[in-house]
Amino acid sequence: MSTQVLEKQFHVEILSPRQKAENLEADLERFATRYTQAIAGGDVVCIPDNPLGKLAFQGTELIRELGLPAAPGQVSVHINTFHTKQNLDEVLGEAVDLGIDNVLVISGDGSERLPKLRAQDLGMDAAGVTSVELVQYVHREYAGAFSVGVAFNPYEPQEHEWEKLQRKVDAGADFITTQPIIGRHECIGRLQALGLPVVVEAWMSKKLHLLSDCVGYKISEDTPYDPWENLIALRNAYPECSVYLALLGFKTQLPQLAQLKEDMG
Amino acid sequence: MQTRTAEERDAFHNVWVIAEHRWGETKAVTFELLSAARDLADKRGSEVWCILLGDGVRSSAAACIASGADVAVVVDAPALSEFVDQTYADLVSRFIATYRPEIVLCGATAYGRALAPRIAVQVDAGLTADCTSLEIDPESGDLLQTRPAFGGNIMATIRAATHRPQMATVRPRVLDLPTPDPGRSGRIVEEQIEPDDVTENVRIIRTIRDNTGTVPLADARFIIAGGRGVQGKEGFELLKSFAETVGGAVAASRAAVDAGWIDYAHQIGQTGQTVQPRVYVACGVSGQIQHLVGMQSANLIIAINRDRHAPIMQFADYAIVGDLFEILPAMMDEIRQL
Amino acid sequence: MRIVVCVKQVPAINEVSIDPETKRLKREGVESVMNPFDLYALEVALRMREQVGGSVIALSMGPKQAMRTVREAIAVGADSGVLLSDRAVAGSDTWATSYAIASTVRHLGNVDLVICGKQAVDGDTAQVGPGIAAHLRWPQVTYVSHVSAVSNTALTLARMHEEGSTVLEVTLPAVLTVVKGINQPRVPTLVSVLASRGADVPVLSAADIGADPERLGLNGSPTRVVKTGPPPPRAADTVILDGPARDAARRIVHELRMQSLV
């Protein structure tokens with residue numbers, strides 16, 4: 001199990017095309033371009049798993065079908081609990097074959113369209129399958145294959161969130177990724193005290209109000225926000241943490257990122 | 001396709017109820033429909049007929065008459081002991097052709113929703129499903145049928161002006177049960193089943209009774225949902241027991257599912273199911289918009305929460321400020337005393 | 001076995017809302033999806049094909065954009081698809097819809113089994129499946145919750161009802177409607193989605209299927225919608241009960257009793 005992913009400074013989230021995309025071929029091409037650019041820049045590519053419950057393509061099948069390069073330390077895929085058992089093993093097995101050694105395990109967003117893992121599918125006795133059971137499963141069936149990450153949300157009621165995090169850590173989490181952090185957040189120190197690497201998420205869109213759902217309170221549309229300032233602030237506040245870049249603007253911001261890395265030396 | 005002229009339509013009289021009878025029991029929905037049929041027939045100046053198909057079903061005729069039927073058409077035969085769609089549909093279609101009812105009502109039960117549309121096609125009738133109200137249009141005398149659509153987001157009123165009979169199904173417990181009047185008189189018409197009526201395409205093997213009393217969430221008329229306030233798996237045992245008391249189903253908010261207290265199959269909301277029950281009791285649910293979108297069509301919303309400022313407390317019809325672990329047992333006591 | 005699966009394109013119901021001003025459904029921005037029940041029907045068909053061989057044809061009736069739903073069914077695994085699209089069928093109620101679909105099934109020929117989802121989430125009537133069976137004069141089994149045995153001449157199934165379920169055997173050809181949760185519908189792969197985009201899906205007209213125009217569209221529909229409107233408004237004020245638990249319980253149970261809910 002390599003820790004190369006966690007040693008890299010920047011994790012770039014690249015969304016896979018939705019299955020219903022009007023112009024699928026163009027979307028696939030754009031995905032491939034962004035993917036190769038990020039890898040070439042020495043960053044980690046992170047691919048979510050059917051975000052918001054909308055059917056998209058799995059990172060592993062895209063890499064395979066599009067013939068994209070993948071080596072240990074370059075890619076992290078998300079995996080959530082909305083899969084059939086068969087599909088779950090297909091995705092994880094494929095990840096192993098492709099040399100992907102980092103997964104972020106989350107409960108995920110369900111929908112009418114997606115199947116759902118049941119506890120008996122994983123041979124477990126639990127009320128349902130959440131990220132905790134999935135972490136246990138990955139450690140049990142794919143021991144040593146992946147560095148397994150879990151999520152922490154500082155905007156949810158904290159008592160529950162810390163208790164849930166503890167169960168994820170007990171299940172075998174290897175690192176922790178946060179929701180978007182603006183500037184600083186007191187939770188980071190406490191997370192680091194658990195002794196696991198912490199990946200801090202940076203919101204790279206100017207539209208801060210899109211986070212209203214995430215943070216649970218209304219952020220007005222005209223709230224001024226400079227994602228670059230925020231990114232630099234995060235790097236200064238938490239130099240030992242990798243940064244997960246969400247909603248990165250590939251045309252404008254990826255070149256800026258290259259410059260930033262040069263400046264940082 | 002039999003479009004009926006006004007003259008032809010005038011030849012159709014009476015309001016029929018197709019009884020739902022199974023394993024020695026005539027289901028309550030039959031009597032609820034008889035009560036509505038009585039009102040409709042009185043407005044039309046006609047009779048209420050109850051169509052009883054089954055094995056040993058003759059003994060229910062008196063109860064149907066007491067609940068408003070003027071005539072009970074009875075086909076009592078061992079061949080009818082189990083519901084078989086084709087056999088029942090062919091029989092009723094034959095009677096409709098013979099007796100020409102103006103209106104035919106059926107329960108919107110699993111079997112009713114299989115039977116009514118098959119009959120409607122066979123007799124060229126218009127059928128409206130899951131009606132929440134039935135009225136006679138004072139001008140035309142036609143049946144006006146109102147029902148929800150698009151997940152309960154709209155109410156539609158439907159009319160079948162040029163076809164007869166006018167058919168409608170109504171779900172159980174939408175209409176009130178009548179008070180039976182054993183003094184009512186009526187007559188029984190015995191009909192026979194013919195060998196040709198019995199289909200050979202379907203063979204019943206056995207029936208499995210589900211005694212757990214669990215109702216699928218999508219069909220439940222009473223839903224009790226738990227959120228973070230339920231505090232754990234054990235808390236959901238209380239909700240399950242409440243659900244059994246009222247014959248309802250247990251649901252959950254995303255927070256409860258993500259906490260591992262209950263399976264995702266029970267989740268209501270944007271990333272779970274959308275439901276339209278008659279009553280939704282939200283216990284320890286804060287009421288974020290992602291949850292509300294899944295249950296806002298419920299007829300009656302009751303919230304139980306210790307926090308009077310939780311968003312759900314403004315949204316609900318009744319907001320009970322208190323501890324669900326005290327309120328629910330108290331409610332169950334009250335209900336058991338009824 | 002030659003299986004036809006009926007699929008319908010519907011709005012994503014959890015995104016639908018009513019415009020408070022016009023009192024009409026807000027359709028813009030609402031995504032179109034395959035009726036969720038139909039995904040289960042499709043999965044039933046695919047598993048039967050895996051067992052006894054044969055072919056699965058996805059059939060839809062709708063406007064041109066319903067083609068996406070037919071292609072989605074092919075991406076999931078149907079061998080081919082057919083779209084019945086004709087102005088003549090616009091405005092059909094369930095009687096006329098089931099007639100049009102039954103006519104298409106006859107036109108396709110040699111069909112052994114038609115599988116539908118229990119109901120479509122826009123209309124929620126559950127009438128089209130049994131209607132197709134009636135038009136074809138085939139046996140029907142609705143609310144199928146389990147398939148125990150499959151052969152080329154008969155099926156052993158369980159159907160759900162209020163008391164539980166009934167196991168029965170039905171001879172083919174037949175029409176089934178299936179409930180959600182009967183299986184776990186499979187998810188398409190990138191390869192299958194790309195292939196479905198190139199699939200040749202014929203678009204049939206009413207004339208192609210030899211349907212009687214008198215039985216299609218508005219003309220063929222015994223029922224008409226004469227009025228639509230929003231559901232009855234919620235009472236504006238919330239009744240707050242914050243006294244002792246016993247009192248609140250008594251009050252609320254009384255209300256439930258008044259509304260015949262307990």
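None of these values were measured; they are calculated from a predicted model.
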Seminar exercise, completed: Most contact-rich option vs chain B, by heavy-atom pairs under 4.5 angstrom, among C:P130, C:P139, C:A245, is C:P139
Exercise. Under 3.5 Å, is there a donor-acceptor pair between the side chain of B:N153 and the main chain of C:V16?
Worked result: yes
Problem set entry | Region of B:M332 that comes under 4.5 Å of a non-hydrogen atom in chain C | neither
Exercise. So what's closer than 4.5 Å to chain B heavy atoms on C:I132: side chain, backbone, both or neither?
Worked result: neither
For this session: Evaluate the side chain to side chain contact (heavy atoms under 4.5 Å, CB included) criterion for residues B:V121 and C:W95: first the C-alpha distance (whole Å), next the side-chain angles of each, then the deciding distance (0.1 Å), finally the verdict.
Result: CA-CA 6 Å; B:V121 163; C:W95 201 107; 4.2 Å; yes
Exercise. Can you tell me if C:T238 uses its side chain to pair, donor with acceptor, with the backbone of B:Q314 under 3.5 Å?
Worked result: yes
For this session: To the nearest 0.5 Å, tell me how far B:I204 CD1 sits from C:L168 CG.
Result: 5.0 Å
Seminar exercise, completed: When the 4.5 angstrom heavy-atom criterion is applied to C:V253 and chain B, the contacting part is side chain
Exercise. At their closest point, which heavy atom of B:P216 faces which heavy atom of C:M160, and how far apart are they?
Worked result: CG-CE, 4.3 Å
Problem set entry | Taking every non-hydrogen atom, the tightest pair across C:T223 and B:G126 | CG2-CA, 3.5 Å
Exercise. Could C:E162 and B:R209 be called an ion pair, given the rule that one side-chain N must be under 4.0 Å from one carboxylate O?
Worked result: no
Exercise. In terms of heavy-atom pairs under 4.5 Å, which option from B:E326, B:R206, B:R221, B:Q273 contacts chain C the most?
Worked result: B:R206
Seminar exercise, completed: Given B:A108, B:G322, B:A316, B:P329, the one with more heavy-atom pairs under 4.5 angstrom with chain C than any other is B:A316
Exercise. Checking heavy atoms, do the side chain of B:L328, its backbone, both or neither come under 4.5 Å from chain C?
Worked result: neither
Exercise. Checking B:D137 against chain C: side chain, backbone, both or neither under 4.5 Å from a heavy atom?
Worked result: neither
Exercise. Of the backbone (N, CA, C, O) and the side chain (C-beta and beyond), which part of C:T177 lies under 4.5 Å from a heavy atom of chain B, both, or neither?
Worked result: neither
For this session: Side chain from CB out, backbone as N, CA, C, O: work out which of these in C:P231 comes under 4.5 Å of a heavy atom of chain B, or both, or neither.
Result: both
Problem set entry | B:F222 portion near chain C, given a 4.5 angstrom heavy-atom threshold | side chain
Exercise. For C:E31, does the CD atom have more than 12 heavy-atom neighbours from other residues, nucleotides or ligands under 6.0 Å away?
Worked result: yes
For this session: Test C:V239 against B:D317 for side chain to side chain contact (heavy atoms under 4.5 Å, CB included), laying out the working first.
Result: CA-CA 6 Å; C:V239 175; B:D317 300 303; over 6 Å; no
Exercise. Is it true that C:R246 and B:D333 make a salt bridge, defined as a side-chain N closer than 4.0 Å to a carboxylate O?
Worked result: yes
Problem set entry | Largest heavy-atom contact set with chain B, pairs under 4.5 Å, which of C:V170, C:V10, C:T125 | C:T125
Exercise. With only heavy atoms counted, which part of C:K118 is less than 4.5 Å from chain B, the side chain, the backbone, both or neither?
Worked result: side chain
For this session: State the OG1-CD distance between B:T128 and C:Q127, to the nearest 0.5 angstrom.
Result: 7.0 Å
Problem set entry | C:V167 vs B:T207, side chain to side chain contact (heavy atoms under 4.5 Å, CB included): CA-CA, chis, key distance, verdict | CA-CA 6 Å; C:V167 180; B:T207 289; over 6 Å; no
Seminar exercise, completed: Closest non-hydrogen contact found for B:A125 with C:P222 is O-CG, 3.8 Å
Problem set entry | Part of B:D130 within contact of chain C (heavy atom distance under 4.5 Å) | side chain
Problem set entry | Heavy atoms of other groups near C:R106 CZ, more than 12 under 6.0 Å | yes
Exercise. Closest heavy-atom contact between B:R113 and C:Y143?
Worked result: NH1-OH, 2.8 Å
For this session: Can you tell which part of B:Q145 gets under 4.5 Å to a heavy atom of chain C, answering side chain, backbone, both or neither?
Result: neither
Problem set entry | Atom group of C:Q119 that falls short of 4.5 Å from chain B, counting heavy atoms | side chain
Problem set entry | CD-CD1 distance between C:E255 and B:I302, expressed to the nearest 0.5 angstrom | 8.0 Å
Problem set entry | Per-residue contact mode, C:R159 against chain B (heavy atom under 4.5 angstrom) | side chain
Problem set entry | Region of B:A298 in contact with chain C, defined by heavy-atom distances below 4.5 Å | backbone
Exercise. Quick one: do the C:R137 and B:Q122 side chains pair a donor with an acceptor below 3.5 Å?
Worked result: yes
Exercise. Counting distance only, does the side-chain N/O of C:T228 pair as donor-acceptor with the main-chain N or O of B:M155 below 3.5 Å?
Worked result: no
For this session: Answer with side chain, backbone, both or neither: which region of B:E25 has an atom nearer than 4.5 Å to a non-hydrogen atom of chain C?
Result: neither
For this session: Would you mind telling me which of C:T94, C:T142, C:L256, C:D122 has the largest number of heavy-atom pairs within less than 4.5 Å of chain B?
Result: C:D122
Exercise. Roughly how far, to the nearest 0.5 Å, is CD of C:E163 from CH2 of B:W23?
Worked result: 5.0 Å
Exercise. Side chain, backbone, both or neither: which part of B:L300 has a heavy atom under 4.5 Å from chain C?
Worked result: both
Problem set entry | Largest heavy-atom contact set with chain B, pairs under 4.5 Å, which of C:A134, C:G243, C:G164 | C:A134
For this session: Mind running side chain to side chain contact (heavy atoms under 4.5 Å, CB included) on C:K227 and B:I158 for me, showing each step along the way?
Result: CA-CA 7 Å; C:K227 193 172 76 175; B:I158 287 127; over 6 Å; no
Exercise. Does any heavy atom of chain B fall under 4.5 Å from the side chain of C:I240, the backbone, both, or neither of them?
Worked result: both
Seminar exercise, completed: Output for pair (C:R251 CZ, B:E334 CD), nearest 0.5 Å, gives 12.5 Å
Problem set entry | Choice from C:V262, C:I13, C:L261 maximising heavy atom contacts with chain B below 4.5 Å | C:L261
Problem set entry | Residue, of B:L177, B:T274, B:I154, that accumulates the most heavy atom pairs under 4.5 Å with chain C | B:I154
For this session: Would you mind checking which part of C:D93 comes under 4.5 Å of any heavy atom in chain B, side chain (CB onward), backbone (N, CA, C, O), both or neither?
Result: neither
Seminar exercise, completed: Heavy-atom nearest pair, C:A133 first then B:R118, reads CB-NH1, 3.5 Å
Seminar exercise, completed: Of C:A248, C:S260, C:S165, the largest count of non-hydrogen pairs under 4.5 angstrom with chain B goes to C:S165
Problem set entry | Per-residue contact mode, B:Q296 against chain C (heavy atom under 4.5 angstrom) | backbone
Exercise. Of the backbone (N, CA, C, O) and the side chain (C-beta and beyond), which part of C:P36 lies under 4.5 Å from a heavy atom of chain B, both, or neither?
Worked result: neither
Problem set entry | Backbone of B:V202 reached by a side-chain donor or acceptor of C:E169 within 3.5 Å | no
